[in-house]
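Notes to accompany the following structure.
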Amino acid sequence: MKNEENILQQRNIKPTAMRLLVVEKLLKQQYAISHKELAEQFENADNVTLFRTLKTFLEHKLIHTIDDGSGVIKYALCQSGCNCDLSELHTHFYCTECKHTFCLNETEIPNIKVPQNFKLYGANLVLKGKCDKCNK
Ligand SMILES: [Zn+2]
Ligand SMILES: [Zn+2]
Ligand SMILES: [Zn+2]
């Protein structure tokens, strides 16, 4: 079985040609990608199908969204077994030179205290700086 097919089946997503292609792209990406950037790589695919594919992937927690402050939502693959729970969230890194956003999967978001009776649902921690390539 192909790796991409395996990844989809682990998340109970039926492998279709489009889905396999999108996973393949996401696997190759070193950084998070926006819907527009993804669409540009699929000249022949229609936007609706692509959008639905991303929606399915989100629902099955194969990918997560990142709001890096650039005004455009970006998408990146989740690590295998990720449930996108608050305790599993990781930090993101936005490079101000190349404008790419990276998942820092090894850097968890620290336990943040909220006031009494406040309920925390999510957290978005974006670090800013230069990535390894831009910092050379
Ligand atoms: Zn996740
Ligand atoms: Zn960079
Ligand atoms: Zn991420």
Side-chain angles (χ1 to χ4, degrees):
M1 203 191 294
K2 271 177 77 183
N3 187 24
E4 291 83 33
E5 211 172 320
N6 217 337
I7 289 172
L8 286 177
Q9 291 198 337
Q10 275 175 7
R11 295 287 181 173
N12 293 317
I13 304 169
K14 228 177 91 199
T16 62
M18 182 66 176
R19 288 172 183 170
L20 287 168
L21 279 173
V22 175
V23 171
E24 200 188 318
K25 292 275 183 218
L26 290 171
L27 277 172
K28 282 193 197 137
Q29 284 298 128
Q30 302 294 313
Y31 47 85
I33 189 169
S34 68
H35 175 257
K36 190 167 161 269
E37 286 171 315
L38 201 57
E40 280 165 4
Q41 300 194 29
F42 293 99
E43 283 172 23
N44 300 316
D46 76 295
N47 258 318
V48 181
T49 315
L50 191 58
F51 202 77
R52 272 207 216 109
T53 304
L54 289 174
K55 195 164 166 268
T56 305
F57 285 4
L58 273 177
E59 280 165 7
H60 289 259
K61 292 170 182 160
L62 176 64
I63 57 173
H64 56 281
T65 54
I66 302 142
D67 178 1
D68 59 12
S70 66
V72 182
I73 296 291
K74 300 196 176 141
Y75 303 88
L77 278 179
C78 281
Q79 293 197 293
S80 76
C82 173
N83 279 314
C84 297
D85 288 334
L86 199 53
S87 60
E88 289 173 307
L89 298 176
H90 53 261
T91 306
H92 290 102
F93 190 99
Y94 178 73
C95 174
T96 52
E97 295 282 316
C98 65
K99 317 279 188 226
H100 289 148
T101 299
F102 303 85
C103 287
L104 304 187
N105 285 311
E106 307 302 317
T107 311
E108 283 173 25
I109 290 185
N111 219 333
I112 295 161
K113 271 208 174 81
V114 293
Q116 216 183 2
N117 296 325
F118 280 56
K119 179 143 178 63
L120 190 65
Y121 286 122
N124 184 29
L125 183 57
V126 181
L127 308 172
K128 282 183 187 164
K130 276 188 199 174
C131 73
D132 53 351
K133 282 198 188 78
C134 296
N135 197 27
K136 261 181 199 152

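Keep in mind that what you see is a predicted model, and the values were worked out from it rather than measured. The chain is numbered in sequence order, starting from 1.
Using a 4.5 Å cut-off on side-chain heavy atoms (C-beta onward), Phe42 and Leu50 make contact. Between Gln41 and Gln29, some side-chain heavy-atom pair lies under the 4.5 Å cut-off. Between Cys134 and Thr96 there is no side-chain heavy-atom pair separated by less than 4.5 Å. The shortest side-chain heavy-atom distance between Gln9 and Pro15 falls under the 4.5 Å cut-off. In this structure, the side chains of Leu104 and His90 stay at 4.5 Å or more apart for every pair of heavy atoms. At least one side-chain heavy atom of Leu27 sits less than 4.5 Å from a side-chain heavy atom of Val23. Side chains of Phe93 and Lys128 form no contact here, defined as non-hydrogen atoms less than 4.5 Å apart. Looking at heavy atoms from C-beta onward, Tyr75 lies in side-chain contact with Leu54 at the 4.5 angstrom threshold.
Leu58 and Leu38 fall within a single hydrophobic cluster, where Ile, Leu, Val, Met, Phe, Trp and Tyr are joined by side-chain heavy atoms under 4.5 Å apart, directly or via other members. Hydrophobic clustering (side-chain heavy atoms under 4.5 Å, transitive across Ile, Leu, Val, Met, Phe, Trp, Tyr) keeps Phe102 apart from Ile66. Clustering ILVMFWY residues whenever any of their side-chain heavy atoms sit less than 4.5 angstrom apart, transitively, puts Phe57 in a cluster other than the one holding Tyr31. A single hydrophobic cluster is not seen to contain both Leu89 and Val126; linkage of ILVMFWY side chains at heavy-atom distances under 4.5 Å, directly or through other members, places them apart. Linking ILVMFWY residues whenever their side-chain heavy atoms come closer than 4.5 Å, directly or via other members, places Leu86 and Val114 in the same cluster.
Taking a 6.0 Å sphere around CD of Gln30, one finds it holds 12 or fewer heavy atoms contributed by other residues, nucleotides or ligands. Atom CG of Asn111 has 12 or fewer neighbouring heavy atoms from other residues, nucleotides or ligands inside a 6.0 Å radius. Counting non-hydrogen atoms of other residues, nucleotides and ligands closer than 6.0 Å to CD of Glu40 gives a total above 12.
Between the side chain of Asp67 and the main chain of Gly69, a donor-acceptor pair closer than 3.5 Å is present.
Taking the six-membered ring for Trp and the full ring otherwise, the centers of His92 and His64 sit less than 6.0 Å from each other. In this structure, the ring of Phe51 has its center less than 6.0 angstrom from the ring center of His35.
If you take CZ on Arg19 and OG1 on Thr49, they are separated by 10.5 Å, rounding to the nearest 0.5 Å. How far CG of Asp68 is from SG of Cys95: 11.5 Å, rounded to the nearest 0.5 Å. One finds the OG atom of Ser87 at 8.0 Å from the CD atom of Glu108 (value rounded to the nearest 0.5 Å). Note that CG of Leu20 and CD of Glu4 are 7.0 Å apart. Values are rounded to the nearest 0.5 Å. Note: Leu127 CG to Thr107 OG1 = 7.5 Å, rounded to the nearest 0.5 Å. For the atom pair CD1 (Ile33) and CG (Leu77), the distance works out to 10.5 Å, reported to the nearest 0.5 Å.
In this structure, Glu88 and Cys82 approach most closely via the heavy-atom pair OE2-CA, 3.7 Å. Nearest approach of Ala32 to Glu37, heavy atoms of both residues: O-OE1, 4.2 Å. Residues Lys74 and Ser70 share a closest heavy-atom pair of NZ-OG, 3.9 Å.
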